[in-house]
Peer 1: 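Got a structure for you, written out below as structure tokens; questions coming shortly.
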Amino acid sequence: MTINPRTIEAYKLLHDGTLALARAERQGIRVDLDYVNEKKEYLIKKMNRFEQKFRSSDFHKHWKSSVKSKTPNINSDSQLANFLYNIKKLTPYKTTKSGQGSVDEESLKQLNIPELDLLLKKKKLKGILDKLEGFEKEATNGYMHPFFNLNTVITYRSSSDSPNFQNIHKRDKEANKICRGALFPRPGHQLFSADFSGIEVRIAACYHQDSNMINYIKDPTSDMHGDMAKQIFIIDDFNKKIHSQLRQAAKNGFVFPQFYGDYYKNNAIGICNDWIKLPQSRWKKGMGIELDSHCISDHLISKGISSFDKFVNHIKEIEYDFWNNRFFEYQKWKTRWWESYKKYGYIDMKTGFRCSGGMSRNDCVNYPIQGTAFHCLLWCFIELDRISMQENWDTKLIGQIHDDIVMDVNPDELEHVTKTIKRVTCEDLPKHWDWINIPLDIEMELCPIDGSWADKSVYEL
DNA sequence: TGTTCATGG
DNA sequence: TATCCATGAACA
């Protein structure tokens, strides 16, 4: 599969984008190396404690006795898999792509062996430590300069490396605090970010023009994920605010996987494991997350979903309804798009790139959306870079995370900068590309003056 | 070098 | 026919 620009404008987007991103790279972001060293020491000590505890356990003794000649490497996933699934003959919760028993976090948790928690905790800390060491390695004179590439990704999105600025820990609270707590603006400045809300969903709508989807986007009182949560968890009281965890479960366990081409059985498993913590194998009363004063499992059982198999079937019916009723036009677009690819051998992005060569059905409907959504951000990034130089801003663009622009802001310029960002993203961009006939929106976050990236809070214009 | 695991969108 | 895209570490 290859993607090539078909217009001068498409080529120019990458050319100008490369220049704008190069200026952000040169600017860089400040790293507090004393803080990094302090946290590294803390992490190493904590990791050692988990490791010592693990090494003194019966589990480890058994593992050690099972390997010939020397001690097992507790960092080796394949040695662990061999011990668990070949020596101890445990049943793997799931297998990897190549058919081996998996030892990822989910699989180890399912085994319910307390010692494995020690290994998992150590591994989590190791990930944080690696991130800090990456910062340290790439810092010169207290600043690091992550690269932003436009030539590495199959969909013509961007990537980042040395260090990767696009996968710094965020969701885990402790990891967020440690990793982002190492990153600062120039003295006297503030870190700031502006991210497009639901840009892929909105850009997808520019392609498929599904009327129900457009209503969801345009009507601020509507809530697609909330509606799906009501349907999935069978909540009749439509006046009641959907429990935020259930809404998240619907969003990340059903809606997005469905958009990317997943199907009901995986959704059912994912919702149970990752989101409502209801073990499929032991579906019973009093388990899963709390809903009001009782557990989600009790609620589902009371609604007739009395086993995991029934839940799978329930999700199957919801999937049918999702594509054949709720988002019927989106579904038709996917079919048309795929048929057209099979007939002509390529598909064209709204931004002037042509994707040709071998693609699966999922690739075919996902690539143009992912690429185009990023091109929206890239156009804004180029425009803001141009304006910042023209108006001689002290505020600088320093990076980008797919749908998120990151800046190092002079507090005196804050108001002008944020108004300019809002105008460029929500007005100038849709004027520049008239195929954007869906309203766009951004959310902004600001850190205190001299505060770290871990200290950001919502910023209202 | 390919696989698996973590992280992010 | 069945989850899209990346980087990076560690191991075999």
Side-chain angles (χ1 to χ4, degrees), chain A residues 1 3 72-82 94-108 119-120 122-135 137-138 146-172 175-176 178-180 193 195-201 203-204 252-270 274 315-316 319 323 334 338 355 359-374 377 399-406:
Chain A
M1 214 291 293
I3 301 186
N73 180 350
I74 65 168
N75 299 316
S76 166
D77 288 332
S78 51
Q79 286 182 34
L80 179 60
N82 181 54
K94 66 177 179 192
T95 56
T96 65
K97 211 164 31 174
S98 69
Q100 304 297 306
S102 170
V103 292
D104 67 3
E105 183 181 9
E106 185 184 25
S107 306
L108 295 190
L119 281 185
L120 287 172
K122 193 199 154 198
K123 199 170 178 181
K124 197 145 255 174
L125 297 178
K126 179 74 169 82
I128 301 172
L129 180 68
D130 284 347
K131 203 73 209 178
L132 292 183
E133 286 181 334
F135 294 168
K137 182 178 158 199
E138 299 295 340
F147 290 98
F148 295 97
N149 315 297
L150 294 179
N151 63 323
T152 58
V153 181
I154 197 162
T155 59
Y156 274 141
R157 222 199 201 191
S158 71
S159 74
S160 171
D161 69 87
S162 309
N164 185 344
F165 191 64
Q166 298 177 323
N167 72 345
I168 300 171
H169 300 58
K170 179 178 187 181
R171 297 166 195 169
D172 180 276
N176 181 323
I178 296 175
C179 295
R180 295 182 179 226
S193 72
D195 79 292
F196 277 115
S197 13
I199 189 70
E200 284 203 16
V201 169
I203 293 308
N252 296 327
F254 182 82
V255 178
F256 283 138
Q258 282 288 335
F259 286 165
Y260 289 136
D262 204 357
Y263 82 122
Y264 65 92
K265 199 168 177 190
N266 279 338
N267 296 153
I269 294 169
D274 294 343
I315 299 296
K316 185 179 177 180
E319 181 192 78
W323 291 114
K334 284 191 182 193
W338 173 235
C355 320
M359 278 184 280
S360 71
R361 190 180 189 278
N362 278 346
D363 292 344
C364 190
V365 297
N366 285 327
Y367 284 6
I369 293 170
Q370 183 177 101
T372 305
F374 173 69
L377 179 125
Q400 152 275 127
I401 313 174
H402 309 303
D403 62 352
D404 198 3
I405 292 171
V406 186

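Naming convention: chains lettered A, B, ... in sequence-line order (proteins, then strands); numbering from 1 in each chain. Predicted, not measured: the structure shown is a model, and the values here were computed from it.
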Peer 1: Assign Q258(A) to base, sugar-phosphate, or nothing according to its heavy-atom contacts below 4.0 angstrom with the strands shown.
Peer 2: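 Q258(A): no heavy atom of the nucleic acid under 4.0 Å.
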Peer 1: Using a 4.0 Å heavy-atom cut-off, does G127(A) contact any base of the nucleic acid, only the sugar-phosphate backbone, or nothing at all?
Peer 2: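 Here G127(A) touches no strand at all.
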Peer 1: Tell me yes or no: between the side chains of N75(A) and K122(A), is some donor less than 3.5 Å from an acceptor?
Peer 2: yes
Peer 1: Below 4.0 Å from chain A heavy atoms, what is the first contacting nucleotide of DNA chain C and what is the last?
Peer 2: dA2(C) to dA12(C)
Peer 1: What does S158(A) touch in the nucleic acid at a heavy-atom separation under 4.0 angstrom: a base, only the sugar-phosphate, or nothing?
Peer 2: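 The residue S158(A) makes no contact with any strand.
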Peer 1: Is the shortest distance from a Lys or Arg side-chain nitrogen in K123(A) or E105(A) to a carboxylate oxygen in the other one below 4.0 Å?
Peer 2: no
Peer 1: Could you check whether F256(A) gets within reach of a base, just the sugar-phosphate, or nothing at all, counting any heavy atom under 4.0 Å?
Peer 2: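 Since no nucleic acid heavy atom lies under 4.0 Å of F256(A), the category is nothing.
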Peer 1: The test is side chain to side chain contact (heavy atoms under 4.5 Å, CB included); show your working for R361(A) and K334(A) and say whether it passes.
Peer 2: CA-CA 9 Å; R361(A) 190 180 189 278; K334(A) 284 191 182 193; 4.1 Å; yes
Peer 1: Residues two or more places apart in sequence or in another chain: which of them pass side-chain hydrogen bond (donor to acceptor under 3.5 Å, both in side chains) with Q166(A)?
Peer 2: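 In terms of side-chain hydrogen bond (donor to acceptor under 3.5 Å, both in side chains), with neighbours along the sequence ignored, Q166(A) is linked to S158(A), Q400(A).
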Peer 1: How would you summarise protein contacts on nucleotides 4-9 of chain B per nucleotide, using B for base, S for sugar-phosphate only and - for none, with heavy-atom distances below 4.0 Å?
Peer 2: SSSBBB
Peer 1: For K265(A), answer base if it contacts any base atom (sugar-phosphate contacts may also be present), sugar-phosphate if it contacts only those atoms, and nothing otherwise; contact means non-hydrogen atoms under 4.0 Å.
Peer 2: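 Result for K265(A) = nothing.
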Peer 1: So how far is it from Y367(A) OH to N362(A) CG, rounded to the nearest 0.5 Å?
Peer 2: 9.5 Å
Peer 1: Let me know, please, whether D161(A) or T155(A) comes out on the 5' side of the other along DNA chain C by nearest nucleotide.
Peer 2: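 Nearest nucleotide further toward 5': that of T155(A).
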Peer 1: Residues two or more places apart in sequence or in another chain: which of them pass side-chain hydrogen bond (donor to acceptor under 3.5 Å, both in side chains) with N366(A)?
Peer 2: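 For N366(A), no residue satisfies side-chain hydrogen bond (donor to acceptor under 3.5 Å, both in side chains) once neighbours in sequence are set aside.
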Peer 1: Run the side-chain hydrogen bond (donor to acceptor under 3.5 Å, both in side chains) test against D262(A) and tell me which residues pass, sequence neighbours left out.
Peer 2: N266(A)
Peer 1: Under the salt bridge (Lys or Arg N to Asp or Glu O under 4.0 Å) rule, collect the residues that match up with D363(A), sequence neighbours excluded.
Peer 2: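 Once residues adjacent in sequence are excluded, D363(A) has no partner under the salt bridge (Lys or Arg N to Asp or Glu O under 4.0 Å) criterion.
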